[in-house]
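Following: one structure in structure tokens, then a few remarks.
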Amino acid sequence: MEINEQLKRIKEEIDTFFSVAADEVDKFRLKYLGKKGIITCMFDDIRTIAPEQRKEFGKNVNDLKTQALSKIEQLNQIIENNKVQSIDALDLSRPANSIALGSRHPIAKVTHNICQAFEKIGFTVAEGPEIEDDWHNFESLNFPPEHPARDMQDTFFISENPDIVLRTHTSSIQVRVMENNHPPIRVICPGRVFRNEAITARAHCIFHQIEGLYIDKNVSFADMKQTLLYFVKEMFGSHVSIRLRPSYFPFTEPSAEMDISCDICGGKGCNLCKYSGWVEILGCGMVDPNVLENMNINPDEYSGFAFGMGIERITQQIYKTKDIRLFFENDIRFLSQFKAI
Ligand code: DAH
């Protein structure tokens, strides 16, 4: 092999060598710089080189030696740094460094608990899209175009297409469930909803709801009341009571709003219940026959009830959090308080 090429190849070999095993590094040292090492032998060869090339060859071999030595030093340094202390120097009784654990978001936790309470009595969980069309969010639920009840929900529309909305409530999911299933139907539908509201301590433009729907033969208002009472006792404890107030929703007839006795003041009256002793937690009612007909379910054969609740409101009641914005800021100082739940 031509001498310059040989020098080049050795230079490359030294360059690319890497090991942090001490015996490998020593083998490397012997291979190049040992008594019969490659570089050592090259020094002996100098005599055989033509006098006019000797100077340059000598310089090149010297450079290789410097390169190999610095490689060995560098690898030995790494080995030294990596060396584990001897077992005697370790304090085995020293407590381990603590590992920071994450925690579940309180909204996720409460959503899970609500679903679980209903799953115990035979409901299944269904989900639906956050971007909806007018039919699923409004029209099928008995909100005809221009109906004043549409104004109750400050809807986000998409400017290019007024048919597309960000869903204002999870009631749109009950429509999708009825479209795709025959009664009996028992579902619970959690999800995020959107309304064009100013963000304050009490309101947010994004929040969470859970919708419930039960359709079968001979389902009555009494069934609804008993189901909701079961849910409240399961969720808040058996000491909490409920009351129903007449209300209006286009998709239920009759409609009601349900309050629970305030768990913060025990019904005596406080800031959170506005000194009434009661906190509203959901809207409910018997599914309007028009809605059933829209879904090709015969209202003479089937009846049902539906309900919808805001999860933030319930979470606030459970954990006594006053400001709804805390749920959306992801401030670790707030979230880490929920580790134990
Ligand atoms: N969709 C209603 C809202 O967002 C809540 C609601 C009320 C849902 C009554 C229902 C119901 O299913 O029957 O305010």
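Model, not experiment: these values are computed from the prediction. Ligands are counted one by one from 1 in listed order, and the atoms in each one are counted from 1 as well.
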Worksheet item: Under 4.0 Å between a Lys/Arg side-chain N and an Asp/Glu carboxylate O for E12 and R9?
Response: no
Worksheet item: Would you call S241 and W278 a side-chain contact if the rule is heavy atoms closer than 4.5 Å?
Response: yes
Worksheet item: Using a 4.0 angstrom limit on heavy atoms, which residues are close to ligand 1?
Response: H169, S171, Q174, R195, Q209, E211, F249, F251, T252, G283, C284, G285, A306, F307, G308
Practice prompt. Hey, can you tell me if Y32 and F28 have their rings parallel, tilted or perpendicular (30° and 60° cut-offs)?
Written response: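 It falls in the tilted class, 30° to 60°.
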Verify the ring-centre separation between [Y] and [X]: is it less than 6.0 angstrom?
X    : Y    : result
Y319 : F338 : yes
F231 : F123 : no
F156 : F194 : no

